[in-house]
4 protein chains.
Amino acid sequence: MAGSVNKVILVGNLGKDPEVRRMQNGNPVVNLTVATSDTWRDKGTGERKEKTEWHRVVIFSEGLAKVAEQYLKKGAKVYIEGALQTRKWTDPQGVEKYSTEIVLQGFNSTLTMLDGRSGGGSGGGGGYGGDDMGDSFGGGQSSPPQRRVAAAPAGGRSDMDDDIPF
Amino acid sequence: MAGSVNKVILVGNLGKDPEVRRMQNGNPVVNLTVATSDTWRDKGTGERKEKTEWHRVVIFSEGLAKVAEQYLKKGAKVYIEGALQTRKWTDPQGVEKYSTEIVLQGFNSTLTMLDGRSGGGSGGGGGYGGDDMGDSFGGGQSSPPQRRVAAAPAGGRSDMDDDIPF
Amino acid sequence: MAGSVNKVILVGNLGKDPEVRRMQNGNPVVNLTVATSDTWRDKGTGERKEKTEWHRVVIFSEGLAKVAEQYLKKGAKVYIEGALQTRKWTDPQGVEKYSTEIVLQGFNSTLTMLDGRSGGGSGGGGGYGGDDMGDSFGGGQSSPPQRRVAAAPAGGRSDMDDDIPF
Amino acid sequence: MAGSVNKVILVGNLGKDPEVRRMQNGNPVVNLTVATSDTWRDKGTGERKEKTEWHRVVIFSEGLAKVAEQYLKKGAKVYIEGALQTRKWTDPQGVEKYSTEIVLQGFNSTLTMLDGRSGGGSGGGGGYGGDDMGDSFGGGQSSPPQRRVAAAPAGGRSDMDDDIPF
DNA sequence: TTTT
DNA sequence: TTTT
């Protein structure tokens, strides 16, 4: 449509380490699970409330995917700019499902580290070393509309925590 | 979570007239279906491509809901600022479903008309008359975290067009 | 700085036709003057108030500059995404001045037409014809940090109206 | 103007402690100086480049101003959402000056702490103690268009460093 | 003046 | 200078 904008801006923390898949050419496609949360005080009782929202992020931009794979860990705080995309897929039982993701692909996507931590608890290895970390990386170099590598649900995990709605 | 941001910015057109439900107190809750689209030229064939994305928007902010109910029509171009929210619900067959919506609720939501058209084809009535139209309305007056009126999928329509994924 | 974001989003109308300068290589650099405005009702008197804000926009992204030069006219409504930049310059009297502009340059800039009008009153010619109009154009193709063509104030106009603060 | 948007989003660090002024009623108005920076690698020499941009932020929203006054310190990393505003003022020599600021006022403003540090070096006291820190605070409670407390340049400092363009 |  |  002429003159439209589809933009998502998130500042949140990774709920787990990045999940990396490979395209045929070896380039990474990275899935992130990002938590944001609202806190407020209940008007009636005055008690503090908090509601966490989980976001599924898919990084196709080659440069951003490499950065995510190398430097992000569970717990990392990130600034993300991408676009909403809803995909339809069919589960093993033949039921049609929809999944809405924030896609980082092409020129108007951003991924920025907002802390220097290596994350918490993701086990072996980890940490980053370059003097480049913490910078902002734009997805400018990848050609704008590049299509998905697979129609299958990005992930297909069975180990999901009950609180994460995807 | 400390220091998080959850923001969606859309500029798009309504795919249909607003859907209005009433809360117990008579206040409107409005659902919008908004289309955005990307166009690009295929690198191989050079042909023009277009992909439309449909967004489900739910307006709880009292002021914005009233504006939407009164002035928006199918085809209207809008600027929207809200937050992502994924809800879980169970369909009549007992299957769990997830629906991701852009929620306008509380202080950081915006709805702005970007054209003066009354929309296209929505039949009877329509049009708006106030001298207030075309302005920007913030949701500032409604109290921030107000919970949903119903757990059921906002809508429950059976007349859905195949191209709209919710 | 590690992990910073500098982003401006405007939806407004051009106060005049785009101003085009040429770089040594012939590429256009375009200056736009964009108006946004707030309206509100005075709490005391109840009368309607309006305050217009004028923004100076400078387009270095080659693709966006060409689009602006070709298609934008006085009165056109645009969506703009860029970054804030404050420049220091010295006026003919030797007085140091500062000018803050919204710069469109590199991967995270956007310029989108929000109406199909050719603008009002800019005289000869005008209008656009391609079937490409009204689309969104990203600045992805131009290399991110490209420096200014001149240190002089972008414009150097002497015919300024008193209400425009630059 | 019908249907306009004027929004600035910054993630950056405070260059100094917040500057607090009082309105007649004792409410604080807070000025922040925020740095953002771009880094890139020079295409020719391959060396790393960095350019810092300084932003002047003025907080009128009562709730946000109180938070800023209490919790923010030099060095703190913040997420800020506000609007651009250019003010005209006359310096002691009678020269007209313009100053562009990011104004946080009314419903569509946000200030969020992105780290838990108390900042660096601002001397006495400091630190914050509540369990509320690090949350996001919206400016929703303050009435949208509230005018400036003074026409004088917000600050009026004479100890300005040459690199800060305001 | 910040930050890495 | 725009726009409603």
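Just so we're on the same page: letters track the sequence lines, and every chain starts at 1.
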Which whole-number value in Å describes the distance from [X] [atom1] to [N] [atom2]?
X	N	atom1	atom2	value
D:Asn13	E:dT2	CG	C1'	5 Å
A:Asp115	E:dT3	CG	C1'	13 Å
B:Leu114	F:dT3	CG	P	15 Å
C:Asp38	F:dT4	CG	C1'	14 Å
C:Lys74	F:dT3	NZ	P	7 Å
D:Lys51	E:dT3	NZ	C1'	16 Å
D:Leu72	E:dT3	CG	P	14 Å

Using only modelled atom types and a 3.5 angstrom limit, is any donor from either the side chain of C:Thr39 or the base of F:dT4 paired with an acceptor on the other?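 No pair found.
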Looking only at N and O atoms, is any donor in the side chain of D:Thr52 or the base of E:dT2 less than 3.5 Å from an acceptor on the other one?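 Under the 3.5 Å cut-off, the side chain and the base do form a donor-acceptor pair.
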Those residues that, when tested against B:Ala65, pass side-chain contact (heavy atoms from CB on, under 4.5 Å) (two or more places apart):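 B:Ala65 satisfies side-chain contact (heavy atoms from CB on, under 4.5 Å) with B:Pro28, B:Val30, B:Ile59 only.
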Could you tell me whether D:Arg21 and D:Glu19 have a side-chain N and a carboxylate O separated by less than 4.0 Å?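 A salt bridge is absent here (no side-chain N lies under 4.0 Å from a carboxylate O).
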Sidechain N-carboxylate O distance under 4.0 Å for D:Glu96, C:Lys97: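 No.
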Does C:Glu69 have any side chain to side chain donor-acceptor pair (under 3.5 Å) partners at least two apart in sequence or in another chain, and if so, which?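 Applying side chain to side chain donor-acceptor pair (under 3.5 Å) to C:Glu69 gives C:Arg22.
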